[in-house]
Amino acid sequence: MDREEWTREGLLGVSGNYWQSCTLHASVKLDLFTLIGDNKINAKELARGLDCDQRAVKTLLDALTAMGLLIKRQDRYANTNTGKSLLVKGSPHYIGHMVKHHHHLVEAWSRLDQAVKTGKPVNTRHINDEEERESFLMGMFNLAMGIAPYLTRQIDLSGRNHLLDLGGGPGTYAIHFCLENPALMATVYDLPLTEPFAKKTIERFGLSNRINFMPGDYLIDDVNGAYDVVWLSHILHAVGPDGCQTIIEKAVSAMLPGGFLLVHDFIMNDTFDGPVFPAVFSLNMLVNTEDGRSYSEGQIREMLESAGLRDIRRLPFQGPNESGVVCGVL
């Protein structure tokens, strides 16, 4: 596919765009949008509420206004409708957790050149940090909530009884598959540290009687049970090809004959030169993991075939950032 030539302005725009990213990150970390809420408030009042320097707060507020994230009338600031919906805690559409997760990745991304030289991750932060773990898990919830209600309506699971959401985090997809299929039961399998978040989310949707949590590490531990649907969403990209094959084979070992396995991930084309997001996301895996990367549709098909699956095909679904679904039958 032909691409337009980059311009000087375009390159400099990309180079400096992190200034706006950091402006958004800081505002969400300070919970500024939530403090404003439905009110019209001045910098002095906000500085007092945030326990911050007044001049600095006004500078931040004016930058957010210039970015179109706040509305300014005289000396008072208010949230836009978008801000109220997406950046105020308590909103069902809140994406602040994902914004904070992006903030936690900035340090590693700033050393991408080092990762390219060594081929090794440069992230020194640890997901065991409670704040960072919450940002990651609930950030995944934020993203999935924008996709799952739509995606689960496109996948026919009628007649299926028990779904395994392997590496399911807070269980967002298991929840929406169960909401879409009233007879379906589900098991969310993930690390023990994830359990409190998953149980809280499952309970919020009133599905504790249909969805259970199984703690374990799918790269090390066995996957127990017998399932006629297995859902692998955004977990293959965290490991190398051998790890992917291990995950898929463990999933297949827990499947009933005729079982349906679905892989949801950011999928590259088979020449590995696009689309843009999966290609750049592969760099995110480079700086943060030992072997993670984005995979092509052809690679995913080969992995499923090697695990003994048949009728392998890509579903017509296309999600944000070029996410797609490849499925196979046991």
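This chain uses plain numbering: 1 for the first residue, then up along the sequence. Below, each value reflects all heavy atoms present in this structure, side chains not excepted, and no hydrogens, waters or symmetry copies.
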Would you check if Arg293 and Pro241 make a side-chain contact, meaning some heavy-atom pair closer than 4.5 Å?
yes
Distance in Å, Asp165 CG paired with Leu163 CG, rounded so as to fall on 0.5 Å steps:
6.0 Å
Between CG of Leu207 and CG of Asn212, what distance do you get to the nearest 0.5 Å?
12.0 Å
Would you say Asp75's side chain and Asn42's backbone share a donor-acceptor pair under 3.5 angstrom?
no
Mind checking whether Val88 and Leu35 sit in one hydrophobic cluster, side chains of I, L, V, M, F, W, Y counted as touching below 4.5 Å?
yes
Answer yes if Leu179 and Phe141 sit in the same cluster of Ile, Leu, Val, Met, Phe, Trp and Tyr residues linked by side chain heavy atoms under 4.5 Å apart, and no otherwise.
yes
Strictly distance-based, threshold 3.5 Å: is any side-chain N or O of Ser85 a donor or acceptor partner for the main-chain N or O of Asn81?
no
Take Leu143 and Thr172 through the test side-chain contact (heavy atoms from CB on, under 4.5 Å) and record every step on the way to the result.
CA-CA 9 Å; Leu143 285 183; Thr172 319; over 6 Å; no
Show the numbers, then the answer: is there a side-chain contact (heavy atoms from CB on, under 4.5 Å) between Val287 and Arg111?
CA-CA 8 Å; Val287 299; Arg111 290 182 288 141; over 6 Å; no
Evaluate the side-chain proximity of Tyr295 to Ile267: yes if any heavy-atom separation is below 4.5 Å, no if none is.
no
Flag the pair Leu60 / Ser27 as yes when at least one side-chain heavy-atom distance between them is below 4.5 Å, and no otherwise.
yes
Between Val329 and Phe260, the two heavy atoms sitting closest are CG2-CD1, 4.1 Å
Indicate whether any N or O donor in one side chain lies under 3.5 Å from an N or O acceptor in the other, for His176 and Thr152.
no
Starting from Leu309, can I reach Ile235 by hopping between I/L/V/M/F/W/Y residues whose side chains sit under 4.5 Å apart?
yes
Provide the closest heavy-atom pair for Val122 versus Ala108 in the form atom of the first, atom of the second, distance.
CG2-O, 3.4 Å
Heavy atoms of other groups near Asp38 CG, more than 12 under 6.0 Å:
no
Check Leu191, Thr246, Ile247 against Tyr218 for a side-chain contact (heavy atoms from CB on, under 4.5 Å) and give me the one that passes.
Ile247
Side chains of Leu87 and Leu24: does their closest heavy-atom pair fall under 4.5 Å?
yes
When the ring planes of Phe317 and His264 are compared, do they come out parallel, tilted or perpendicular, using 30° and 60° as the limits?
perpendicular
Side-chain contact test, heavy atoms from C-beta onward, threshold under 4.5 Å: evaluate it for Asp265 versus Val325 and give yes or no.
no
Can you hop from Leu30 to Val28 via hydrophobic side chains spaced under 4.5 Å?
yes
Does Asn39 use its side chain to pair, donor to acceptor, with the backbone of Ile41 at less than 3.5 Å?
no
We want to know whether Ser323 and Asn321 form a side-chain donor-acceptor pair, criterion being a heavy-atom distance below 3.5 angstrom.
no
Take atom CG in Asn209; do more than 12 heavy atoms of anything else shown fall under 6.0 Å from it?
yes
For Cys327 and Leu315, the nearest pair of non-hydrogen atoms, with its separation, is SG-CD2, 3.7 Å
Indicate yes or no: does Asp222 engage Lys250 in a salt bridge with an N to O separation below 4.0 Å.
no
Would you check if Cys52 and Val57 make a side-chain contact, meaning some heavy-atom pair closer than 4.5 Å?
yes
Under a plain distance cut-off of 3.5 Å, with no hydrogens placed, do Tyr77 and Asp62 share a side-chain donor-acceptor pair?
yes
Which residue, Leu164, Ile155, Leu166, forms the side-chain contact (heavy atoms from CB on, under 4.5 Å) with Trp231?
Ile155
Nearest heavy-atom pair of Asp228 and Gly159: which atoms, and what distance?
OD2-O, 4.3 Å
Note: Glu45-Arg76 ion pair, threshold 4.0 Å (strictly below)
yes
Do any N or O atoms from the side chain of Thr194 and from the backbone of Asp190 form a donor-acceptor pair under 3.5 angstrom?
no
Distance check, rounded to the nearest 0.5 Å: Leu64 atom CG versus Ile71 atom CD1?
12.5 Å
Applying salt bridge (charged side-chain N to carboxylate O under 4.0 Å, His left out) to Arg301 and Glu305, what does each step give before you reach the verdict?
CA-CA 6 Å; Arg301 285 176 174 272; Glu305 288 173 359; 5.7 Å; no
Roughly how far, to the nearest 0.5 Å, is CG of Asn224 from OH of Tyr189?
7.5 Å
Over 60° means perpendicular and under 30° means parallel, so tell me whether His237 and His234 are parallel, tilted or perpendicular.
tilted
Would Val188 and Met214 satisfy side-chain contact (heavy atoms from CB on, under 4.5 Å), going step by step from the backbone distance to the final call?
CA-CA 6 Å; Val188 177; Met214 183 185 299; over 6 Å; no
Candidates Thr289, Asn288, Asn284 - the one meeting side-chain hydrogen bond (donor to acceptor under 3.5 Å, both in side chains) with Asn123
Asn288
If you compare all heavy atoms of Gly308 against all heavy atoms of Leu330, which two are closest, and at what distance to 0.1 Å?
O-CD1, 4.2 Å
Are Leu283 and Phe272 connected in a single hydrophobic cluster, I mean Ile/Leu/Val/Met/Phe/Trp/Tyr linked by side-chain heavy atoms less than 4.5 Å apart?
no
Checking Gln245 side chain against Met303 main chain: does a donor-acceptor pair fall under 3.5 Å?
yes
Could you go step by step and tell me if Phe213 and Glu195 meet the side-chain contact (heavy atoms from CB on, under 4.5 Å) rule?
CA-CA 7 Å; Phe213 186 92; Glu195 187 168 3; 3.5 Å; yes
Check the side chains of Ser21 and His102 for a donor-acceptor pair under 3.5 angstrom, ignoring hydrogens and angles.
no
Distance-minimising heavy-atom pair for Ser294 and Gln299
O-OE1, 4.4 Å
Are any non-hydrogen side-chain atoms of Asp291 and Val239 less than 4.5 angstrom apart?
no
Does any N or O in the side chain of Asn142 come within less than 3.5 Å of the main-chain N or O of Met98, such that one atom is a donor and the other an acceptor?
yes
If I take atom CZ from residue Arg210 and atom CG from residue Asn181, how far apart are they, to the nearest 0.5 angstrom?
8.0 Å
Tell me whether Lys120 at atom NZ has more than 12 heavy atoms from other residues, nucleotides or ligands lying less than 6.0 Å away.
no
Between OG on residue Ser296 and CG on residue Asp273, distance to nearest 0.5 Å:
11.5 Å
Hey, are Glu203 and Lys199 close enough for a salt bridge, meaning a charged N less than 4.0 Å from a carboxylate O?
no
What I'd like to find out is whether the side chain of Ile175 reaches to under 4.5 Å of the side chain of Ile211, using heavy atoms alone.
yes
